[in-house]
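One structure is given below, encoded as structure tokens.
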Amino acid sequence: MNWTEPKVYAVKHKNEETRAASQSGGAFTALSDKVLKEGGVIYGCVLTEDFWAVHIRAEDFQTRNLMRGSKYIQSKMADTYKRAQQDLKSGRKVLFSGTSCQVAGFRKFLGREYENLLCVDIICHGVPSPLIWKEYIEWQEKKRKGTVSAVDFRNKLNFGWKSHIETLTMEDGRKINSRIFATLFYGHNALRPSCYACPFKSTMHPGDITIGDYWGIEKAAPEFEDNQGISILLVNSTVGERAFEAVKEYVYWKPTKIEDSMQEPLKAPCPRPAKRDLFWKDFSEKDFRYIVGKYGGNGFKSRVKRRLSVVKHGILKRISDRK
């Protein structure tokens, strides 16, 4: 049974390589490392070779590492719930991670509590249609006259934690840095209708632990801020508290106040945009290039501004590397 109010922490992994490989502060790695070392299994989201998001099962660190990083698309669950239930019934410790609705669905599916289960949900902005993602990749490949071989939804390594610049790697090695999909995502038009009425956009979540980017760290714990990624970690239950206590030696952590940590997904669902119907009408009737120009921030002025931002980040990174 989850508490009525979470305990809130700022967290960053003590291992800098681990934090660099994580999207925020490495809290998920710390928690899942502990479960794997105890012979448990991890369930989480990865990208397939054709860039669909799917939930998989991991028994080793290498497979678990594929679950790091943001995926701004809905994952396919397939038989994940059944497989996780089988592991729980066999007595293995299970860490199940996903969006709040996925974790709530999993708990509903189980129908009972398991002492060997740790649920970790992520702070979710909303989930866009996979159709938009598919069209975006195809448009980039057509425009670049090549095939995309890798995707980084938020390139923290090259542009910093706060940048929100996605990087597509082409088969010939070219790197395409862009904010187009991020702009479509944060424009909210492409989100599922249910996301506008999400019951989990509050400080209470179905996971034993809730993790995400610690937006607002400048106010909550300014001494932690270094633009290299900080996790916010909400402890929602006694199970979550025990799990966090068990990994505190591997992370730097500090208790923070929930009132200093109220990013938008902890307040309310994002409102349904007034132009959402027009967006989907345009999508069904026009070329995707039109969608990118009108809704993806790819008009001339936006392209110039974005290019200057990318150059600025590159210069600042080179300066930092020389220090």
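Because only heavy atoms are used, hydrogens play no part in the values below, and waters and symmetry mates are left out as well, while side chains stay in.
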Open item on the list: With heavy-atom distances below 4.5 Å as the criterion, would you say the side chains of S261 and W215 are in contact?
Closed with: no

Task: H164 and Y186 side chains, donor-acceptor separation under 3.5 Å - done: yes

- [ ] Using only heavy-atom distances, determine whether the side chains of S231 and S24 contain a donor-acceptor pair under 3.5 Å.
- [x] yes

Open item on the list: Starting from M77, can I reach V127 by hopping between I/L/V/M/F/W/Y residues whose side chains sit under 4.5 Å apart?
Closed with: no

Open item on the list: Count I, L, V, M, F, W, Y as connected when their side-chain heavy atoms are under 4.5 Å apart, and connections chain through other members. Are V120 and V11 then in the same cluster?
Closed with: yes

Task: SB check D213 R154 (cutoff 4.0 Å) - done: yes

Task: Residues, nucleotides or ligands: over 12 heavy atoms within 6.0 Å of E223 CD - done: yes

Open item on the list: Among D277, N189, L191, exactly one meets side chain to side chain contact (heavy atoms under 4.5 Å, CB included) together with R272. Which residue is that?
Closed with: D277

TODO: Report yes or no: do T210 and N236 form a side-chain donor-acceptor pair below 3.5 Å?
DONE: yes

Task: By ring pair (Phe, Tyr, Trp, His ring centres under 6.0 Å) - contacts of H13 (at least two apart) - done: none

TODO: Go through the side-chain N and O atoms of Q102 and T99 and say whether any donor and acceptor fall under 3.5 Å apart.
DONE: yes

Open item on the list: Is it the case that over 12 heavy atoms from other parts of the model lie below 6.0 angstrom from the CD atom of E218?
Closed with: yes

Task: Hphob cluster co-occupancy, L233 + M204, side-chain heavy atoms under 4.5 angstrom - done: no

Task: T167 side chain to D152 side chain, donor-acceptor N/O pair below 3.5 angstrom - done: no

Open item on the list: Using 0.5 Å steps for rounding, measure from the CD1 atom of I73 to the CZ atom of F185.
Closed with: 11.0 Å

Task: Contacts of E259 that satisfy salt bridge (Lys or Arg N to Asp or Glu O under 4.0 Å) - sequence neighbours left out - done: none

Open item on the list: Under a plain distance cut-off of 3.5 Å, with no hydrogens placed, do T256 and Y214 share a side-chain donor-acceptor pair?
Closed with: yes

Task: ring pair (Phe, Tyr, Trp, His ring centres under 6.0 Å) partner of H55, chosen from Y43, Y81, F96 - done: F96

Open item on the list: Under a 4.0 Å threshold between the charged nitrogen and the carboxylate oxygen, would R57 count as salt-bridged to D79?
Closed with: no

TODO: May I ask whether F200 and I122 are part of the same hydrophobic cluster, defined by side-chain heavy atoms of I, L, V, M, F, W, Y residues being less than 4.5 angstrom apart, directly or through others?
DONE: no

Open item on the list: Just so I know, are the side chains of Y9 and P255 near enough to count as touching, which here means a heavy-atom distance under 4.5 Å?
Closed with: yes

Open item on the list: Less than 6.0 angstrom from the centroid, inside 45 degrees of the normal: does R242 satisfy that with respect to the ring of F244?
Closed with: no

Open item on the list: Just to verify, what does K257 make a salt bridge (Lys or Arg N to Asp or Glu O under 4.0 Å) with, not counting sequence neighbours?
Closed with: none

- [ ] Examine K275 relative to F279 and say whether NZ or CZ is less than 6.0 Å from the centre of the six-membered ring and inside a 45° cone about the ring axis.
- [x] no

Task: K12 charged N/C atom sitting above F224 aromatic ring, 6.0 Å / 45° - done: yes

Open item on the list: For Y250, does the six-membered ring have the charged nitrogen or CZ of K37 within the cation-pi criterion, i.e. under 6.0 angstrom from the centroid and within 45° of the normal?
Closed with: yes

Task: Crowding at NZ, K175 (>12 non-hydrogen neighbours, <6.0 Å) - done: no

Task: More than 12 heavy atoms of other groups within 6.0 Å of E115 CD - done: no

